[in-house]
Every structure is written in structure tokens, then in C-alpha cells.
Amino acid sequence: MHLARFPRARFAHLPTPLEPLPRLGAALGIDLWVKRDDCTGLAGGGNKTRKLEFLLGEALALGADTLVTQGAVQSNHVRQTIAAGARHGLATEVILEERTGSKASDYMGNGNVLLDRLMGASIRFVPAGTDMNEELEASAEIVRRRGGKPYVIPGGGSNTVGALGYVDCARELMVQADAQDLRIDRLVTATGSAGTHAGLIAGFAALSVDVPILGFGVRAPKARQEENVFNLALATAQTIGAAGRVRREAVVADCDYVGEGYGLVDQGVIDALALAARTEGLLLDPVYSGKALKGLIDQARKGAFEGQRVVFLHTGGAQGLFGYQSVLEPALA
Ligand SMILES: *Cc1c(COP(=O)(O)O)cnc(C)c1O
């Protein structure tokens, strides 16, 4: 693989730190580290920023003047896409799906949505269950009709272009670990639209790194999540010249911690958010990293990581906490 063959706009703060979490690790009885992809630097940062370096690279190479993307109301992907557009002088059109059904004023107007408005995007809300790919195409058509040149970014930036950001993260992590003589036994991440997980799988496969990756699902059931990740990992591996190297067995998603559904917070998530905050001053998010830590805590207590050094990929999203004040505050009182 040779990532410099792909157009890339540079704006992420890289490499992100790889740090120990001694107090959280002690609470769970494991040797726990964190890869700080919440610190990628773009308007609050998060995992979408790595993907957007390659997506913006392609958009600029194609001469686009408007980014078009979609997400749930409190989407971190949408926030980072608008920021990337602003930095490059591109307008951004977004469609926000009211996926959780919440009409609470903090959910609909604070957190990521407030930042989206601050950065000046054009926002359209649609009800839960809307065909979002159709909406993306409709918005792109409106841009074309007014003489603009749209560049459509799928939800989560999860296609083979976006996944290159996590191929690069896989390389970055191994370089860091080797430089510190730090043996990694397991990498744990939240997995949603699949680009992060698939990019890591493809990157490890290309580099012949056999560190197992455990993805904690936030939405789809296990079979569908693993299939989405596997298909995107295959396509990404092909893109980087590593076709045939991705093994189906390498794709493991644990979707037992989704709870009531995407973006819905339960006591286990709140306990995970509070434990990370109170042991390490580490802010996770209610939709992805908090749900993944809920899974990691439970699995650690069941002995799944016995004797292992575990790296937790912090994918960002703490800005979304402010969209969940009405849910979090009573549970923390
Ligand atoms: C989007 C997102 C994820 C999931 O990443 P995917 O590439 O969509 O699977 C995890 N954590 C946060 C904070 C996110 O915003």
C-alpha cells in the first residue's frame, strides 16, 4: 500500500496521542490504553476527520464547490464535514434524520446541531426511516440545478475513500506502539457506518498485523454489522493493492450493547460515561464511544481481556453530550 497515491487534504492533528488509562484500567482489572482520535483537531475532532482528509482530497480534485452529506440529528460526522467544507471554502448541504425520535430541545438544537449552525451549513430535517440515499441525491440535484458542483459524502463518510483514513490510522498506531515497545493484544472500537472498523481491518491486513479488533456495534445486529464491515474492508483492501488479504474471521462485532437502539442512552452507557470521566477526566460520547465502553466494561468484568493489553480507540463525539442534557442530568443527580 502507498497512501500518497490518493488525493488528500491535510488538516487533521496527527499523530493522535496513544496514552495509558491507569485508573480506568485498574477499575476494570486490565491494562488499558487509549488512542485519542477525539483529538484530531477539526472543530472538536473525532474519527470522521481522518476520513475527511481523503474525501476532501477527492472533492477538491474533482472541482466540487458544495459538500452534501447526511446523518442523525446529533451526527458528529456532519459537524466535522461542515468544518472541513468551511476550511476549504466549500458550502455544505446536510440532511439530518430524526432517527432517535427525540424532540427534546437540547437534542434538536444543542450539541452538534448548534455547532452545525455556527459553521453555517444549510440544514434540512427529515423523519426517522427516510431513505437517506434518496435524500442525498435530491440535495445533490438541487445543487446541480443552481449551477453548483456537488460532492456527495455517504453517511459517516464510510466508503473506500473515507476508509483510507483508518488504513492510515492502523499504520500510525503500529508505528507508535513499536516505537514505545508496546505490545498490543486487542484493539477495541465503536462500529457504526463501518468505515472506521473496515479501514482498520484493511490496514492491518495490508501490514500483516494480526492484532484482533473488537467492534462494539451501536445500531445494526451482529450479522449485518459484520457483513457491512467485511464488504467495505474487502473493497478498501482492493483499493490499496491488498486484495485477497482480508479474512472474514478478522471481522468481529459485538452488538449486544446497543440497548434500546441507535442514539438511545441507558444506565449502562451513563455509568460508562461517568466512570471514564471520574477516573481519567476522559469525556466520551453518549452514542458511540460511551456505548462501546459500556460493552468493554462488561466484557472486562467477565474476563474477556484476561492478561491482555487493550487499546481503546476514542472516536470522539463529546460535543454530543450537550444534546443529551435532559437525559444525563437526572441520572447524574
Ligand atoms: C461515526 C462515529 C463512530 C463510528 O464510526 P463508523 O466509521 O461510522 O463506524 C464512532 N464514534 C463516534 C464518536 C462517531 O461519531
Side-chain angles (χ1 to χ4, degrees), residues 16 34-40 42-52 54-55 69-83 96-97 99 111-112 115-116 132 153-170 187-203 213-220 224-233 236 251-255 257-258 262-263 265 269 272-273 276 282-296 312-324:
T16 59
V34 62
K35 174 71 171 155
R36 296 291 303 271
D37 271 16
D38 56 319
C39 300
T40 52
L42 181 69
N47 63 337
K48 305 314 181 303
T49 297
R50 286 187 190 268
K51 304 179 186 184
L52 285 161
F54 289 94
L55 291 161
T69 199
Q70 59 98 352
V73 170
Q74 283 294 336
S75 169
N76 303 297
H77 160 70
V78 164
R79 164 179 44 86
Q80 289 162 81
T81 300
I82 297 167
L96 297 181
E97 182 193 2
R99 192 181 294 164
N112 283 298
L115 302 179
D116 296 348
M132 296 305 282
I153 300 177
S158 286
N159 56 19
T160 55
V161 176
L164 294 175
Y166 273 87
V167 170
D168 190 41
C169 179
L187 178 60
V188 172
T189 181
T191 182
S193 67
T196 300
H197 195 174
L200 292 169
I201 296 264
I213 302 171
L214 173 58
F216 282 108
V218 298
R219 189 179 185 189
R224 181 141 45 88
Q225 186 65 24
E226 290 187 348
E227 188 186 315
N228 290 346
V229 172
F230 183 52
N231 288 336
L232 185 53
T236 304
V251 179
V252 180
D254 181 341
C255 300
Y257 300 92
V258 176
Y262 174 87
V265 169
V269 174
L273 292 172
L282 187 69
L283 303 179
L284 301 178
D285 87 283
V287 180
Y288 296 95
S289 54
K291 215 161 252 187
L293 186 67
K294 167 190 162 191
L296 192 155
F312 180 70
L313 177 67
H314 188 340
T315 43
Q319 296 72 20
L321 287 168
F322 303 104
Y324 282 81

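Because the structure is predicted, anything quoted here is derived from the model rather than measured. Each residue takes its place number in the sequence, starting with 1. As the structure lists them, so they are numbered: ligands from 1, and atoms in each ligand from 1.
Close to ligand 1: Gly195, with a non-hydrogen atom less than 4.0 angstrom away.
The closest protein non-hydrogen atom to atom 5 (O) of ligand 1 is Asn47 ND2, 3.0 Å. Counting protein heavy atoms only, atom 13 (C) of ligand 1 is closest to Gly316 O, 3.0 Å. In this structure, atom 8 (O) of ligand 1 lies nearest to the protein heavy atom Ser193 OG, 2.5 Å. Of all protein heavy atoms, the one closest to atom 14 (C) of ligand 1 is Lys48 NZ, 2.9 Å.
With rounding to the nearest 0.5 angstrom, the NZ atom of Lys35 is 3.0 Å from the OG1 atom of Thr16. We find the CZ-NE2 distance between Phe230 and His197 to be 12.0 Å, quoted to the nearest 0.5 Å. Cys169 SG to Leu313 CG: the interatomic distance, rounded to the nearest 0.5 Å, is 5.5 Å. Atom NE2 in His77 sits 6.0 Å away from atom CD1 in Ile153 (nearest 0.5 Å). With values rounded to the nearest 0.5 angstrom, Thr196 atom OG1 is found 11.5 Å from Ile201 atom CD1. Note that OG1 of Thr315 and CG of Asp38 are 8.5 Å apart. Values are rounded to the nearest 0.5 Å.
Residue His197 has no nitrogen or oxygen atom sitting less than 3.5 Å from a nitrogen or oxygen atom of ligand 1, judged on distance alone. Here's the thing with Gly192: one of its N/O atoms is less than 3.5 angstrom from an N/O atom of ligand 1. Below 3.5 Å of separation, one finds an N or O of Thr315 facing an N or O of ligand 1. Residue Thr196 has at least one N or O atom closer than 3.5 Å to an N or O atom of ligand 1. Residue Lys51 has at least one N or O atom closer than 3.5 Å to an N or O atom of ligand 1. Checking only distances, Asp285 never comes within under 3.5 Å of ligand 1, N or O to N or O. Between His77 and ligand 1, no pair of N/O atoms sits closer than 3.5 Å.
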Could you check Lys48 against Thr81 for side chain to side chain contact (heavy atoms under 4.5 Å, CB included), going step by step and ending with a plain yes or no? CA-CA 8 Å; Lys48 305 314 181 303; Thr81 300; 5.7 Å; no
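Distances below 4.0 Å separate heavy atoms of Thr191 from the following atoms of ligand 1: 9 (O).
Listed for the Arg79 side chain is a donor-acceptor partner under 3.5 Å among the backbone atoms of Ala43. Looking only at distances, no side-chain donor or acceptor of Thr236 sits under 3.5 Å from a matching main-chain atom of Gly199.
Taking a 6.0 Å sphere around CZ of Phe322, one finds it holds 12 or fewer heavy atoms contributed by other residues, nucleotides or ligands.
The backbone of Ala194, and not its side chain, has at least one atom closer than 4.0 Å to an atom of ligand 1 (non-hydrogen atoms only; backbone = N, CA, C, O). Neither the backbone nor the side chain of Val287 comes within 4.0 Å of ligand 1, counting heavy atoms alone.
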